[in-house]
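Below, all heavy atoms of this structure are taken into account, side chains as well, without hydrogens, waters or symmetry copies.
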Protein chains: 2
Amino acid sequence: MHDVLRKFINEITTGIIADDEFVHIEKGFFPKLMKRRQFLLHEGAVCKYMAFVVKGALRQYSIDERGNEHIVHFGIEGCWITDRESLLMLRPSKYNIDALEDCELLLTTKEQLSLITDLSLQFLKMSHILDSQHSISFQNRIQASLSYTAEEKVMDLMIRYPSFFNRFPQSMLASYLGLSPETFSRIRKKLLTKQYAF
Amino acid sequence: MHDVLRKFINEITTGIIADDEFVHIEKGFFPKLMKRRQFLLHEGAVCKYMAFVVKGALRQYSIDERGNEHIVHFGIEGCWITDRESLLMLRPSKYNIDALEDCELLLTTKEQLSLITDLSLQFLKMSHILDSQHSISFQNRIQASLSYTAEEKVMDLMIRYPSFFNRFPQSMLASYLGLSPETFSRIRKKLLTKQYAF
DNA sequence: TGAGTCAATTGATCTATGTCAAGCAAATTT
DNA sequence: AAATTTGCTTGACATAGATCAATTGACTCA
């Protein structure tokens, strides 16, 4: 299972991590299996782990004052999932994280992360690259959320993450985009009809 | 001018950077003065610089297909402002960055950034901490944008960035929140009236 | 295998916010 | 100092998307 992480680090850094360096990382992560519908984080708890998704899918969501769910993040293979604010600042989290499928994860703690980034330059480099990528994707997401119509949001999702449509219920994709399931359904139908009209 | 950056690095890392380390950073940044309404980046150009704001204010915005401006970021003293995607991946930017006030900036390039992060551990550490903070604030912003009503968005801005209300035109604050200026004006009036009613 | 749950669609209606226009005061430019 | 521009507010009206409800088919569980 740790081999997947090793491969991931090599791919991201376009390098090959040495055995004696990877051993620090290996020690800092432990495997966890989750069944569908199990929680990794409950709202109100302090987040203890950062998770690397080896296999499966999770979602990170909050519930607003009106009882509506808002999915901020899906975690699929090759993704990292945590509430960084809670993990690093020890604040009660406003998020829940649960498994949408049976999952294989590698978990690490805040302390282990610190240690690993001190001991492994390649891990630090990977972390830095991922932060850049995340920053870019966050910026795109904010820009889309400010300026797109509902239809543009659905189209954008179809383009960026086509596999999401096979993998997650439409009500969850709607939530991820900040739309109602009915609106999502109507727009998707309209877009599929348009495409056939070409 | 570089002293402000030095102080900033020390504050963020809760340390004191050595002279012989800071000299690398100093060499990698050059000062730039901008007048109000001048551009740092035009849409369609490849972004060449990351800017640290020593004094003044800028905004980063895109213009959608309907001709509407959408402000994704304000850069005030102590902020960094760039289009990371364009800078790092050499893509034409979809953003504009211009000065809302006369500004003093320190600019660096992609190459200099690489060099500095190799030569200065403290700069790398600062960069890492800032990325964590940005990640956290992006997540909050996405969550707010998905789940808040217009009124909640205005309230949240009043709480998080009260100084923005003195410093930026309301039409820009509205744009930053994804609201029309009219809606913003009505909601602000309502909230101010509510507050007086307490 | 049947009952219950989940997912999705569709129609009707509602509402939060956008759009358009007008007016006014402050700020900026000439 | 006068003209112009910018910023903001307000009223009237329009609309994109939400809400509610009903229905149907697929999936899950006992």
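Between the CZ atom of B/R66 and the C1' atom of D/dT15 there is a distance of 14 Å, given to the nearest Å. As rounded to whole Å, 11 Å separates atom C1' of C/dC6 from atom CE of A/M172. Nucleotide C/dT28 holds its P atom 14 Å from the CG atom of B/L100, rounded to whole Å. Summarising the geometry, the separation between CG on B/L179 and P on C/dT19 is reported as 11 Å, rounded to the nearest angstrom. Distance, B/R167 CZ to D/dG7 C1': 18 Å, rounded to whole Å. Regarding B/E151, its CD atom lies at a distance of 11 Å from the P atom of C/dA16, rounded to whole Å. In this structure, NZ of A/K35 is placed 14 Å from P of D/dT28, rounded to the nearest angstrom. As rounded to whole Å, 12 Å separates atom P of D/dT28 from atom CG of A/D102.
Under the 6.0 Å cut-off for aromatic ring centres, A/F29 and A/Y49 do not qualify, their centroids lying 6.0 Å or more apart. A/Y61 and A/Y95 have their aromatic ring centers separated by at least 6.0 angstrom. Checked against a 6.0 Å centroid threshold, the rings of B/F52 and B/F8 count as neighbours.
In the set C/dA8, C/dG18, D/dA18, C/dG18 carries the atom at the smallest distance from any side-chain atom of B/S180. Here the nucleotide nearest the side chain of A/S185, chosen from C/dA8, D/dG7, C/dT29, is C/dA8. Residue A/T149 places its side chain closer to D/dG17 than to any other of D/dG17, C/dT9, C/dT17.
Comparing B/N68 and A/F184, the nucleotide of DNA chain C nearest to each residue sits closer to the 5' end for A/F184.
Contact annotation for B/R37: backbone-only contact, meaning every heavy-atom pair under 4.0 Å involves sugar-phosphate atoms and none involves a base.
Donor-acceptor pairing under 3.5 Å, judged by distance alone, is absent between the side chain of B/R186 and the base of C/dG18. Put simply, the side chain of B/E182 and the base of D/dC8 share no donor and acceptor less than 3.5 Å apart. The base of C/dT29 does not come close enough to the side chain of B/R36 for any donor and acceptor atom to sit less than 3.5 Å apart.
Residue A/R188 places no side-chain N or O under 4.0 Å from the OP1 or OP2 atom of C/dT10. Here A/S171 does not reach the OP1 or OP2 of C/dA7: none of its side-chain N or O atoms lies under 4.0 Å away. Note on A/Q170: every side-chain N or O is 4.0 Å or more away from OP1 and OP2 of C/dC6. The side chain of B/K189 places no N or O atom within less than 4.0 Å of a non-bridging phosphate oxygen (OP1 or OP2) of D/dC8.
A side-chain N or O of B/T183 and one of B/S180 form a donor-acceptor pair less than 3.5 Å apart.
Listed here is the closest heavy atom pair of A/P92 and A/S86: C-OG, 4.2 Å.
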